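Everything numeric in this text was worked out from a predicted model, so none of it was measured. Note on naming: letters A, B, ... go to the chains in the order of the sequence lines (proteins, then strands), and numbering restarts at 1 for each one.
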Number of protein chains: 2
Amino acid sequence: MKPFINNISVDCIIFGFDSGRLNVLLTKRELEDEKTGNIIFTDYTVQGHHVLEGEHIDDAARRVLKDKTGFDNIYLEQFHTFGDPGRIQHERDKLWISAKFPTVAAHVVSVGYCSLVDSTKVKPDTQHQFTSWWPVDKLPLLGYDHAEMIARALDFLRIKIQREPVGFELLPEKFTLSQLQNLYEAILGVSLDRRNFRKKVGQMKFIIPLNEKQKGVAHKPAQVFIFSRDVYDRTKKEKLDILV
Amino acid sequence: MKPFINNISVDCIIFGFDSGRLNVLLTKRELEDEKTGNIIFTDYTVQGHHVLEGEHIDDAARRVLKDKTGFDNIYLEQFHTFGDPGRIQHERDKLWISAKFPTVAAHVVSVGYCSLVDSTKVKPDTQHQFTSWWPVDKLPLLGYDHAEMIARALDFLRIKIQREPVGFELLPEKFTLSQLQNLYEAILGVSLDRRNFRKKVGQMKFIIPLNEKQKGVAHKPAQVFIFSRDVYDRTKKEKLDILV
DNA sequence: TTGCTACTGTGTATTTTTTACACTAAGTAA
DNA sequence: TTACTTAGTGTAAAAAATACACAGTAGCAA
């Protein structure tokens with residue numbers, strides 16, 4: 001691996017959607033006392049790494065994502081760059097850095113990326129025992145400035161989802177309209193009228209019904225839809241306001 | 001001055017509004033042959049500089065702005081970070097760097113800032129003979145990836161101005177509704193109905209009429225308004241969609 | 001097999017918002 | 001005094017957003 005640039009990192013806020021809740025993927029950070037083996041602290045961080053020399057920052061983010069979720073080709077967009085030299089203020093962070101990365105510069109500028117994954121396809125627990133999903137409204141203790149990062153990523157997502165069809169990245173390829181509605185409700189923190197929601201979806205040519213129904217549910221099975229980016233790209237000029 | 005960080009810079013896209021046009025402030029870059037004194041090339045760049053060690057990136061941007069316009073306390077917001085290691089591709093850029101900054105790293109990540117100034121207060125030509133205003137739709141030859149930066153800053157501004165009251169940063173403190181309308185039309189590239197525009201403005205409590213009229217114009221003088229951020233902060237929950 | 005549960009799917013009337021549109025008013029300059 | 005230029009104003013029609021209730025169907029349990 002190429003040497004990494006001391007002063008520049010990327011951090012990926014990875015969102016997933018499951019059972020009507022918006023979740024974020026976090027990595028557990030546990031510092032042990034070298035001598036006694038006692039745990040000094042436990043907290044969580046988002047996924048990040050330094051940018052390598054000659055590496056595009058987008059590629060650095062993709063690399064982090066690949067490592068943490070096992071997937072590439074997933075939605076990824078830069079949302080903010082964090083350049084406060086005082087970002088490392090907690091005692092936990094100082095302990096962690098001096099134990100693990102004694103050679104890294106104190107002043108690290110980090111580019112934050114917002115990533116959306118279909119969490120039915122990602123099972124991080126089986127691949128990386130220290131990563132797990134956390135509901136965005138019930139986060140554990142976080143390291144560095146990652147609480148702020150997540151809050152900002154969420155603001156970004158809220159605005160983004162009202163202008164562009166990124167919500168589908170969080171759903172399986174085939175989804176029902178109720179799933180889609182739940183997604184919007186969870187992200188925007190509102191409740192929407194079902195009939196009005198479906199009226200709007202009906203006008204969007206890029207949300208396409210399939211001749212297929214849900215199976216194995218203990219109620220009337222719902223019709224299944226797909227999102228067509230192709231159709232969207234051809235019709236977006238007509239309708240730029242999405243669903244809300 | 002503290003040493004600067006090799007790999008991180010900020011670039012400020014400074015927008016001004018004048019005579020119904022949106023302009024951007026650019027610095028002329030002219031490379032001379034050391035021996036003959038002949039001009040090897042001439043082009044333009046936005047205003048940028050490396051981030052200093054221990055300096056907040058926002059402060060770095062403010063520092064650049066202060067240097068180039070003489071003002072502080074002006075609107076400034078990060079819009080995108082440019083991290084393509086291939087950003088320097090033109091022969092002109094290579095010549096310039098090897099002549100002027102032989103020690104700087106090849107891979108520089110730059111944080112782009114969008115800045116809005118009341119250009120009636122800024123006279124860069126008198127302070128810095130190499131800076132001048134250019135209409136955004138008629139830009140000269142640009143160095144580095146600054147054409148892309150300006151395009152992105154403009155996209156950012158277009159979206160931003162539809163959600164938040166940043167347009168007033170481009171106008172004098174006291175302005176007429178026609179000036180405001182011209183501003184929106186110039187930035188969004190649309191034409192708006194005057195009566196409907198004024199109807200909307202009338203609903204916005206934070207755009208406040210003064211008992212004062214334009215003077216010295218060869219037509220019916222217009223009433224003068226101010227923007228009150230104070231009132232806006234207290235009422236924004238009611239109306240988040242601005243003017244369009 | 002019957003009934004219970006849980007979620008799907010559908011239309012209309014009302015209110016609100018957006019749009020389109022044309023003439024008079026007031027000041028300067030010739 | 002006239003011509004020119006921009007300011008300032010209201011209404012009707014169309015479109016969009018909102019509020020709202022009941023029948024349909026699959027699985028499951030009694």
Undergrad: Tell me whether the rings of A:Phe227 and A:Tyr232 are parallel (<30°), tilted (30 to 60°) or perpendicular (>60°).
TA: tilted

Undergrad: Would you kindly check whether a donor in the side chain of A:Lys213 faces an acceptor in the base of D:dT25, or vice versa, at under 3.5 angstrom?
TA: no

Undergrad: Taking for each residue the nucleotide of DNA chain D bearing the nearest heavy atom, is the 5' side occupied by B:Gln223 or by A:Lys220?
TA: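 Comparing both residues, the 5'-ward one is B:Gln223.
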
Undergrad: Using a 6.0 Å distance limit plus a 45 degree cone around the ring axis, check whether B:Arg92 lies over the aromatic ring of B:Tyr144.
TA: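 No, cation not above the ring by the 6.0 Å, 45° rule.
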
Undergrad: For D:dA7, does OP1 or OP2 lie under 4.0 Å from any side-chain N or O of B:Ser178?
TA: yes

Undergrad: Looking at A:Asp72, I want to see if its CG is surrounded by more than 12 non-hydrogen atoms of other residues, nucleotides or ligands under 6.0 Å.
TA: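 Result for CG/A:Asp72: enclosed.
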
Undergrad: Roughly how many Å is it from CG in A:Leu192 to C1' in D:dA17, rounded to a whole number?
TA: 12 Å

Undergrad: Rounded to the nearest Å, what distance is computed from the CG atom of residue B:Leu177 to the C1' atom of nucleotide D:dA7?
TA: 10 Å

Undergrad: Here's a test of your reading of the structure: between A:Gln179 and A:Ala218, which maps to the more 5' nucleotide of DNA chain C?
TA: A:Ala218

Undergrad: Whole Å only: how far is the NE2 atom of B:His219 from the P atom of D:dA7?
TA: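 Going from B:His219 (NE2) to D:dA7 (P), I get 5 Å.
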
Undergrad: What is the separation between atom CG on B:Leu180 and atom P on D:dA7, rounded to the nearest whole Å?
TA: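 Atom-to-atom, B:Leu180 to D:dA7, this comes out as 12 Å.
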
Undergrad: Ignoring hydrogens, what is the shortest heavy-atom contact between B:Lys174 and B:Gln179? Give both atom names and the distance.
TA: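 Looks like O-OE1, 4.4 Å.
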
Undergrad: Which whole-number value in Å describes the distance from B:Gln181 CD to D:dG8 P?
TA: 12 Å

Undergrad: Over how many whole Å does the gap from B:Phe197 atom CZ to D:dT6 atom C1' extend?
TA: 16 Å

Undergrad: Rounded to whole angstroms, how far apart are CD on B:Gln203 and P on C:dT16?
TA: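 Result: 13 Å.
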
Undergrad: Please determine whether any donor N or O and acceptor N or O are separated by less than 3.5 Å between the side chain of B:Arg198 and the base of D:dG8.
TA: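 By the distance-only test, no, there is no pair.
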
Undergrad: Tell me the interatomic distance from A:Lys215, atom NZ, to D:dG27, atom C1', rounded to whole angstroms.
TA: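 For the pair A:Lys215 NZ and D:dG27 C1', the rounded distance is 15 Å.
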
Undergrad: So does B:Asn196 reach the base of C:dA20 with its side chain, donor to acceptor, closer than 3.5 Å?
TA: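 Answer is yes: a donor-acceptor pair is held.
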
Undergrad: Okay, side chain of B:Gln223, backbone of B:Leu210: is any donor-acceptor separation there less than 3.5 Å?
TA: yes

Undergrad: Go through the N and O atoms of the side chain of A:Lys199 and the base of C:dT12, and report whether any donor-acceptor pair is under 3.5 Å.
TA: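 Side chain to base: pair present.
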
Undergrad: Report the residue (A:Arg194 or B:Asp193) whose heavy-atom-nearest nucleotide on DNA chain D is the more 5′ of the two.
TA: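 Its nearest nucleotide lies further toward 5', so the answer is B:Asp193.
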
Undergrad: Looking at A:Arg195 and D:dA17, is any side-chain donor or acceptor paired with a base atom of the opposite kind under 3.5 Å?
TA: no

